[in-house]
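Just follow the structure's listing: the first ligand is 1, and inside any ligand the first atom is 1. In this chain, numbering begins with 1 at the start of the sequence shown. Keep in mind the model is a prediction, meaning the values are calculated, not measured.
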Amino acid sequence: MATHTIIEQPSASPGLLDRQPQLVEPNDERPREPQPPAVPTAPAARRSLFADVMTRLDRAADIVRLDPNIRKILASTENEIVVNFPVKMNGCDVEVFTGYRVQHNDALGPFKGGLRFHPQLDIDEARALAAWMTFKCALVDIPFGGAKGGIQIDPAKYSPTQLERITRRFAYALGDNIGPDYDIPAPDVNTNPQIMAWILDTYLSTLPPHERQRHVHVVTGKPLAAGGSAGRDKATGQGVAFCVERWAQEHRRPLEEATFTVQGFGNVGSWAARLIAGLGARLIAVQDVTGGTRNRNGIDPEDLLRYVSVHGGVARYPGGEFVDDIMFMQTPADIFVPAALENQINATTAAWLNVSVVAEAANGPTTPEADDILKQRGIDVIPDILCNAGGVVVSYFEWLQNKRSEFWDLEEVDFKLRKKMNLAYDRVRDKARELSIDWRTAAYVLALSRLEKIYKERGIFP
Ligand code: NAD
C-alpha cells in the first residue's frame, strides 16, 4: 500500500547544483588550467526556490495592483501529494521511493506539468515548478493550470527494467490524482516518451476496458505510436529557437554571424542547439553534468549528440577542448541558452556572462539577484515562462488531438506553435515597453492579469 500525505506548509530546502565556483575577475579570458570534470556536489543550504517564485510574483503583483485575495490564492498550492511506494528490486529486496505531485492552480483548466526524476527533487522544488506552469500556461493562453512532480531518485543507478517497475509503481500510487481532464503529466528532467508510455499503460490498466481509449490523453509527450504528437520531442527547443530568431530579427543581429553557448544537452538543450544552429548561428560551447566543451570555430550539434549518445556526456568530446564551469560561463558569445536546472545564473555567475541575451530554456535558471545584475549589465533575458513554453503548447496540441481522435502533421504543429510563441513574445515585449519593466516581470504581469480576470468572473466559492 502506498501512503499518501498532504503536506501543507512550504519548507526551506537545499537547492540543486549549488556548486561553489571560485571567484575570478569577470570575463577573464587568460588561459587557465581546466579543472577535472564537474561532478555534482552536495548542495549547499539555500533558501526556498518557491520563495524565489513568490518574489517574482510579488514584483508583478505590485505593478498590476493584483487583488490581495487572488495574490493569497496564487501564493499557495492547491494540492500536494506525497507518495512513499515500495518496489521489489532484485528478487525480493524492496526499496521505498518518494514521489511528489504538486498541483498549484487549476483556475484556467486541468493541472498540467512535467515529472522529473532527480535525486534532489523535493516538495519545495515541485512547488516552484508547479507555480511556473500556472503562469506559463496563463501567459501563452492555453486552457491548463499548473502542476509538477516526480520521484526523488538518481535514475542512472537503475536498469531500464527497474526504472519501468519504479515508474509503473509511482503511476499506480498516484492513482486518481492524475487524469486526462484533471492533471496531465509530461516529460521533464530525466524522463522521456518511454516513461510517459509506461505511465499511460499503467493508468489505462486500472480502468475498465471500455474506458481506456477515452483516457489516452492522461499524459502528453508520449511516443508517436502510443498517441503522441508530431513535433513534441523537439517542441521546447523549437519554442526557444523561435524566440531567439525573433530576438535576433528585432535587434538586427543576423544569426549567421552570431555565436551561442548551451548549458544542458538533454532533450531541450540538444534540440535548441540543433535548431538554433539550423538558423545559421555557430555553437561554440556546451556544458552538461559531466563538464564542458568549447571550440570557437564551431561545434556540430548533430555530431556532439552522436558522441553523447555513446559516451554519456559532452566533457571529453574530441571536437572541442575541455572547459570547467567558470571557463564555460565566461565564454564570450551572443546568445546563452541555459537548458539544465535551476539557479545556474546566480549573483556570482551573472557577473561572468559575456553575452547579449539569455534565452531561458530551463525553468528558473536565474535567481532574483542575478536578474538585477543582468539588467544592470544590459543583458537581455527572454524569461523561462515565455522561452520554454513550446513544450506545454505542443503538449496541449497532443491533448487536443487525442480528444478529437486526430493526427496533425509536423507542418501543422510547427505552424501553430510558431503562431502561439510569436504572439506571446510580442505581448511580453509590448507590456515591458508600456510599463518600462523587465521582460520577466512583464511576463508575470500578463499571466497574473489573465488569472485575475477568471477569478473575478467566476468569483470565489462560497
Ligand atoms: P534532460 O534530463 O533531458 O536534460 C538535462 C540536461 O541538463 C542534461 O544534459 C544534464 O547533463 C544537464 N545537467 C544536469 N545537471 C547539470 C549541471 N550541474 N551543469 C550542467 N548541466 C547539467 O532534461 P530536459 O527535459 O532537457 O530539461 C532541461 C530543463 O528544461 C529543465 O529545467 C526543465 O524543467 C526544462 N523544461 C523541459 C521541458 C521538456 O519538454 N522536457 C519543457 C519546459 C522546460
Side-chain angles (χ1 to χ4, degrees), residues 15-21 37-41 43 49 112-121 125-126 128-130 132-133 136-137 140 146 148-150 154-156 185-196 219-222 228-229 231-240 261-273 285-293 304-305 308-309 311-315 323-326 328-329 337-345 349 359-366 383-396 398 417:
L16 298 175
L17 302 168
D18 284 316
R19 295 187 199 142
Q20 300 296 314
V39 174
T41 51
L49 191 64
K112 184 85 189 81
L115 291 175
R116 175 174 291 197
F117 287 3
H118 197 280
Q120 283 149 353
L121 176 69
E125 187 185 33
L129 291 161
W132 278 320
M133 288 306 298
K136 194 181 302 181
C137 294
V140 294
K148 206 82 170 197
D154 179 357
D188 192 72
V189 174
N190 291 332
T191 58
N192 55 30
Q194 175 61 76
I195 286 176
M196 295 307 114
V219 283
T220 58
K222 303 180 286 284
S229 174
R232 176 58 185 88
D233 53 348
K234 71 171 174 120
T236 309
Q238 184 67 74
V240 174
T261 60
V262 176
Q263 182 188 54
F265 205 68
N267 171 282
V268 178
S270 68
W271 272 112
V286 179
Q287 187 197 40
D288 70 5
V289 75
T290 64
T293 185
L304 182 60
L305 191 64
V308 169
S309 68
H311 299 276
V314 307
V323 285
D324 64 23
D325 292 7
I326 301 172
F328 171 77
M329 283 299 224
V337 181
L341 297 172
E342 300 90 32
N343 293 339
Q344 297 300 295
I345 309 173
T349 58
E360 291 186 339
N363 283 304
T366 310
D384 49 5
I385 61 170
L386 166 65
C387 194
N388 71 30
V392 74
V393 169
V394 177
S395 274
Y396 169 54
E398 179 177 330
L417 174 62

Checking contacts here: is it the side chain or the backbone of Arg116 that comes within 4.0 Å of ligand 1, counting heavy atoms only? Could be both or neither.
side chain

Is there a side chain to side chain contact (heavy atoms under 4.5 Å, CB included) between Glu342 and Leu129? Walk through the geometry before answering.
CA-CA 10 Å; Glu342 300 90 32; Leu129 291 161; 3.8 Å; yes

Give yes or no for whether the N/O distance cutoff of 3.5 Å, strictly under, is met between Asn190 and ligand 1.
yes

Side chain to side chain contact (heavy atoms under 4.5 Å, CB included), that's the test. Do Asn388 and Val268 meet it? Break it down for me.
CA-CA 9 Å; Asn388 71 30; Val268 178; 5.7 Å; no

Does the N or O separation between Gly266 and ligand 1 drop below 3.5 Å for any pair?
yes

Does any N or O atom in Gln263 lie less than 3.5 angstrom from one in ligand 1, N or O only?
no

Counting C-beta onward and ignoring hydrogens, is there a side-chain heavy-atom pair between Ser229 and Thr220 closer than 4.5 Å?
no

Taking the side chain as every heavy atom from C-beta outward, state whether Pro365 and Asp384 have any atom pair closer than 4.5 Å.
yes

Residues Asn192, Asn267; criterion side-chain hydrogen bond (donor to acceptor under 3.5 Å, both in side chains); working and verdict
CA-CA 8 Å; Asn192 55 30; Asn267 171 282; over 6 Å; no

Considering both backbone and side-chain atoms of Ala340, is one of its nitrogen or oxygen atoms within less than 3.5 Å of a nitrogen or oxygen in ligand 1?
yes

Given the rule in the side chain to side chain contact (heavy atoms under 4.5 Å, CB included) test, do Tyr396 and Val140 qualify, once you have shown the distances and angles that lead to the verdict?
CA-CA 11 Å; Tyr396 169 54; Val140 294; over 6 Å; no

What part of Thr236 sits under 4.0 Å from ligand 1 if we count only heavy atoms: the side chain, the backbone, both or neither?
side chain

Any side-chain heavy atom of Leu341 sitting closer than 4.5 Å to one from Val189?
yes

Indicate yes or no: at least one non-hydrogen side-chain atom of Glu125 is less than 4.5 angstrom from one of Arg116.
yes

Note: Pro187, heavy atoms under 4.0 Å from ligand 1, region reported as backbone

Should one rank Val289, Val314, Ile385 by closest heavy-atom distance to atom 15 (N) of ligand 1, which comes out on top?
Val289

From the candidates Ser270, Ala361, Gly292, the one that places a heavy atom nearest atom 30 (O) of ligand 1
Ala361

Is it the case that Asp325 and Gln287 place a side-chain donor and acceptor less than 3.5 Å from each other?
yes

Any N/O pair Asp188/ligand 1 closer than 3.5 Å:
yes

For Gly264, the ligand 1 atoms with a heavy-atom partner under 4.0 Å come out as 6 (C), 7 (O), 9 (O), 12 (C)

Out of Trp132, Phe117, Phe265, the nearest non-hydrogen contact to atom 9 (O) of ligand 1 is supplied by Phe265

If you measure from atom 28 (C) of ligand 1 to every heavy atom of Ala315, Ala186, Ala339, which option wins on shortest distance?
Ala339

Could you tell me which atoms of ligand 1, counted from 1 in the order shown, lie closer than 4.0 angstrom to a heavy atom of Arg232?
40 (O)

Consider every N or O of Val268 and every N or O of ligand 1, then say whether any pair is closer than 3.5 Å.
yes

Can you tell me how far the CE atom of Met196 sits from the OG atom of Ser395, to the nearest 0.5 Å?
9.5 Å

